[in-house]
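Convention: sequence-line order gives letters A, B, ...; per-chain numbering from 1.
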Amino acid sequence: MLIDKKHIGMKVPPHSVNLTAWQLKWFAKATGETNPIYFDEAAAHKAGLPGVLAPPTFFFCMDMDKEHPFDYLETMGCDLMKMLHGEQSFTYHKPVYSGDVLDFDGEITDIYDKRNGALQFVVKEVKVRRQGELVCDVRSVMVIRA
Amino acid sequence: MTKPNFDALNVGDELPSFTTEPVSRLTLALYATGSGDHHPLHLDQDYVRANGIPDVFAHGMLGMAYLGRLLTQWVPQAAIRSFGVRFTAITQIGERMVCTGKVVEKLEQGGEKCVRLELTCANEQGEAKHKGDAVVALA
């Protein structure tokens, strides 16, 4: 069944994230990061940073940091077992650090299909703001297999 | 770290590449903790077998995080203007990820001198798992 394109423009329920040094420490360990500005608060301060620096892809983790990260696909009636991550991109405006509180405000910007509906694509674009200032644009494309 | 210089760089120049340790079940457990993504496809062999999949496989975003490291080992993170990937194949347990990048364009964007990079995360046999690009501002 094709996803109804009326969902283009749908707002995703917003959420906020308290970015912690603890979480970034585990992300750094998991990804083999060796630069201490990504996991050691004291090293980050010594480098002149206000906190531990969130690495480039961590915005995706924070975007997913909610009770039902794919609530928007469920609203469209998609079977999450048939979901794949197709594409991911980020446009960066300001770095973010442990101690920041970030607001995630997303919208469905496109829905399309390929191979006569065998693959359907749902594009979500999220604005990430810190105290109202835009820090990152996060664009995710999820693929739903027939 | 000496920041790469715009004038000295040419199209075709390669970033210092690296190859990761083999992706293990522990890697995926750690990535689940670090990222917050505890989907059973990456962690629970009983679950995946019950769904007709032979074994757990890596989070796509793990490979993108490795490509992020490729970038931040080359330039300070604040120089990265944009970064995107397409997930083209699944990474299996035991595979090493070979992360490479090269300059494909020199351009001006938003009044800044920038380079566009083509990025690839592949296994050791050369099968691309993620193909990406990034725009980085350089002095």
Other residues, nucleotides, ligands: >12 heavy atoms within 6.0 Å of Gln131(A) CD: no

Distance (rounded to the nearest 0.5 Å) between Thr33(B) OG1 and Lys29(A) NZ: 10.5 Å

Greater than 12 external heavy atoms within 6.0 Å of Lys106(B)'s NZ: yes

Val48(B) reachable from Ile93(B) in the ILVMFWY side-chain graph, under 4.5 Å edges: yes

Pick from Thr27(B), Val135(B), Val85(B), Asn51(B) with the largest number of heavy-atom pairs that fall under 4.5 Å of chain A: Val85(B)

Chain B contact via Met62(A) - which portion, at a heavy-atom distance below 4.5 Å: neither

Other residues, nucleotides, ligands: >12 heavy atoms within 6.0 Å of Asn5(B) CG: yes

Path from Tyr72(A) to Tyr112(A) over hydrophobic side-chain contacts below 4.5 Å: no

Heavy-atom check, side chain of Thr72(B) versus side chain of Pro56(A), under 4.5 Å: yes

Toward chain B, the part of Ala54(A) with a non-hydrogen atom under 4.5 Å: backbone

Nearest-0.5 Å distance that lies between atom OH in Tyr31(B) and atom SG in Cys61(A): 4.0 Å

Gln77(B) side chain near Leu53(A) side chain, heavy-atom distance below 4.5 Å: yes

Residues of residues 58-71 of chain B near chain A, each having a heavy atom less than 4.5 Å away: Met61(B), Leu62(B), Met64(B), Ala65(B), Tyr66(B), Gly68(B), Arg69(B)

Point-to-point distance, once rounded to the nearest 0.5 Å, from CZ of Phe58(A) to OG of Ser35(B): 8.0 Å

Proximal component of Asp133(B), with respect to chain A [non-hydrogen, under 4.5 Å]: neither

Within one Ile-Leu-Val-Met-Phe-Trp-Tyr cluster: Leu107(B) and Leu15(B), side-chain cutoff 4.5 Å: no

From OG1 (Thr34(A)) to CD (Gln73(B)), nearest 0.5 Å: 6.0 Å

ILVMFWY network linking Leu19(A) to Leu49(A), side-chain heavy atoms under 4.5 angstrom: no

Contact residues of residues 83-107 of chain A (partner chain B; heavy-atom separation under 4.5 angstrom): His85(A), Gly86(A), Glu87(A), Gln88(A), Ser89(A), Phe90(A), Thr91(A), Tyr92(A)

Single-linkage hydrophobic cluster, 4.5 Å side-chain cutoff, Phe121(A) and Val12(A) together: no

